[in-house]
Amino acid sequence: YVGRIEGGKGFPELFDHFIRYKNRNHNDLKLVLMGKNVVPIPAHPDIISLGFVSEEDKFNGIAGAKVLVQPSLYESLSIVLLEAMTLSIPVLVNAKCEVMRSHCVRSNAGLYYENAEEFEAALNYLLWYEDTYNQMRENARKYVQKYYQWDTILARFEKMIDYVCGGEK
């Protein structure tokens with residue numbers, strides 16, 4: 001996870017889901033957090049809080065991750081989600097956030113969860129099905145290339161401006 005660690009961003013629900021996951025699944029998976037801590041972080045050997053990190057460390061951390069978790073209910077656009085996808089890292093998002101869930105569906109590069117059981121199932125799916133996981137990695141990169149490159153974004157803005165100004169119907 002990268003960002004503010006606060007209640008409005010899906011904490012401490014994520015902590016609860018992850019600890020429940022670790023109690024049922026004995027593997028070496030860690031929850032690594034990068035960002036300002038506002039809520040208490042549980043003392044757990046598999047939860048690692050790095051605090052603020054440099055941009056280089058952020059990108060290295062994301063690139064080394066199995067998945068980027070975005071637990072927020074209220075994101076309109078998550079830059080870090082797009083950064084992870086650019087690095088071919090699948091995402092796991094809160095299903096209650098329509099925008100993040102939509103990115104997963106449209107890209108076929110992420111999964112979403114509504115509760116602890118779905119969180120566990122999604123993580124295990126990513127860990128157990130290597131071929132599908134690798135396809136999701138490729139889908140993530142292609143999704144950002146197709147929809148979020150500057151040329152594409154600027155072309156959309158130009159089209160909207162033309163439409164508003166009456167130039168294109």
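Only a predicted model underlies this, so the values are computations on that prediction, with no experimental measurement involved.
The cluster map of Ile, Leu, Val, Met, Phe, Trp and Tyr, joined by side-chain heavy atoms under 4.5 Å apart, puts M34 and I47 in different clusters. Cluster membership check: V93 does not share its hydrophobic cluster with L73, using side-chain heavy-atom separations under 4.5 Å among Ile, Leu, Val, Met, Phe, Trp and Tyr. Placement of F119 and V105 in two distinct hydrophobic clusters is found when ILVMFWY residues are connected by side-chain heavy-atom separations under 4.5 Å, directly or transitively. Grouping the Ile, Leu, Val, Met, Phe, Trp and Tyr side chains by contacts below 4.5 angstrom, directly or via other members, places V80 with Y143. L123 and F15 end up in the same hydrophobic cluster when Ile, Leu, Val, Met, Phe, Trp and Tyr side chains are linked at under 4.5 Å.
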Residue pair Y21, D16: steps toward the side chain to side chain donor-acceptor pair (under 3.5 Å) verdict: CA-CA 8 Å; Y21 174 85; D16 177 65; over 6 Å; no
Do L111 and C104 pass the side chain to side chain contact (heavy atoms under 4.5 Å, CB included) test, and can you show the C-alpha distance, the side-chain angles, and the key distance before you say yes or no? CA-CA 6 Å; L111 300 175; C104 291; 5.9 Å; no
Could you check S72 against E75 for side chain to side chain donor-acceptor pair (under 3.5 Å), going step by step and ending with a plain yes or no? CA-CA 6 Å; S72 177; E75 297 298 314; 3.0 Å; yes
List the steps, then state whether side chain to side chain contact (heavy atoms under 4.5 Å, CB included) holds for M100 with N94. CA-CA 7 Å; M100 296 299 101; N94 190 322; over 6 Å; no
Which is it for N25 and L127 under the side chain to side chain contact (heavy atoms under 4.5 Å, CB included) test, yes or no, and what are the steps along the way? CA-CA 11 Å; N25 297 268; L127 293 172; over 6 Å; no
Any chance you could lay out the side chain to side chain contact (heavy atoms under 4.5 Å, CB included) test for E117 and R20, step after step, and finish with the verdict? CA-CA 9 Å; E117 292 78 18; R20 288 176 64 177; 3.1 Å; yes
Carefully, step by step, assess Y129 and Y125 under the rule ring-ring contact (aromatic ring centres under 6.0 Å, His included). CA-CA 6 Å; Y129 296 98; Y125 188 86; 4.8 Å; yes
Please determine whether side chain to side chain donor-acceptor pair (under 3.5 Å) holds for the pair Q135 and N139, giving the CA-CA distance in whole Å, both sets of side-chain angles, and the decisive distance to 0.1 Å. CA-CA 6 Å; Q135 184 61 59; N139 294 347; 2.8 Å; yes
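To the nearest 0.5 Å, atom CD of residue E130 and atom CZ of residue R137 are 10.0 Å apart. Distance NE2/H103 to CG/L82: 5.5 Å, rounded to 0.5 Å.
Residues E13 and P71 form no side-chain contact, since every pair of their non-hydrogen atoms from C-beta on lies 4.5 Å or further apart. The shortest side-chain heavy-atom distance between Y74 and V99 does not fall under the 4.5 Å cut-off. Side-chain contact between H17 and L31 is absent, with no heavy atoms from C-beta onward closer than 4.5 Å. Proximity of V2 to K58: side-chain heavy atoms (C-beta onward) are separated by under 4.5 Å at one or more points. With contacts defined as side-chain heavy-atom distances shorter than 4.5 Å, the pair Q70/Y1 qualifies. Annotation: side chain of I41 is in contact with side chain of S49 (closest heavy-atom distance under 4.5 Å). Here the side chains of K66 and I89 are not in contact, with every heavy-atom distance at 4.5 Å or above. Side-chain contact between F11 and L33: present, with at least one pair of heavy atoms (C-beta onward) separated by less than 4.5 Å.
Side-chain atoms of D57 never come within 3.5 Å of backbone atoms of V53 as a donor-acceptor pair (strictly under, hydrogens ignored). Not one N or O on the side chain of S102 forms a donor-acceptor pair closer than 3.5 Å with the backbone of E98. No side-chain donor-acceptor contact under 3.5 Å links R141 to the backbone of S88.
The two residues V67 and L92 come nearest to each other via the heavy atoms CG2-N, 3.7 Å. Closest approach of G110 and M136 over heavy atoms only: N-CE, 3.3 Å. Across A63 and L87, no two heavy atoms sit closer than the pair N-CD1, 4.1 Å. The two residues Y133 and A65 come nearest to each other via the heavy atoms OH-O, 4.1 Å. For G7 against V39, the heavy-atom pair with the smallest separation is N-CG1, 3.5 Å. Across all non-hydrogen atoms, the minimal contact from K22 to D46 is CE-OD2, 2.8 Å.
No cation-pi contact links K142 to Y147, judged by a cut-off of 6.0 Å to the six-membered ring centre and 45° from its axis.
No salt bridge links E6 with K36; every basic N to acidic carboxylate O contact stays at or beyond 4.0 Å. We find that R24 and E120 are joined by a salt bridge, their nearest charged nitrogen and carboxylate oxygen being less than 4.0 Å apart.
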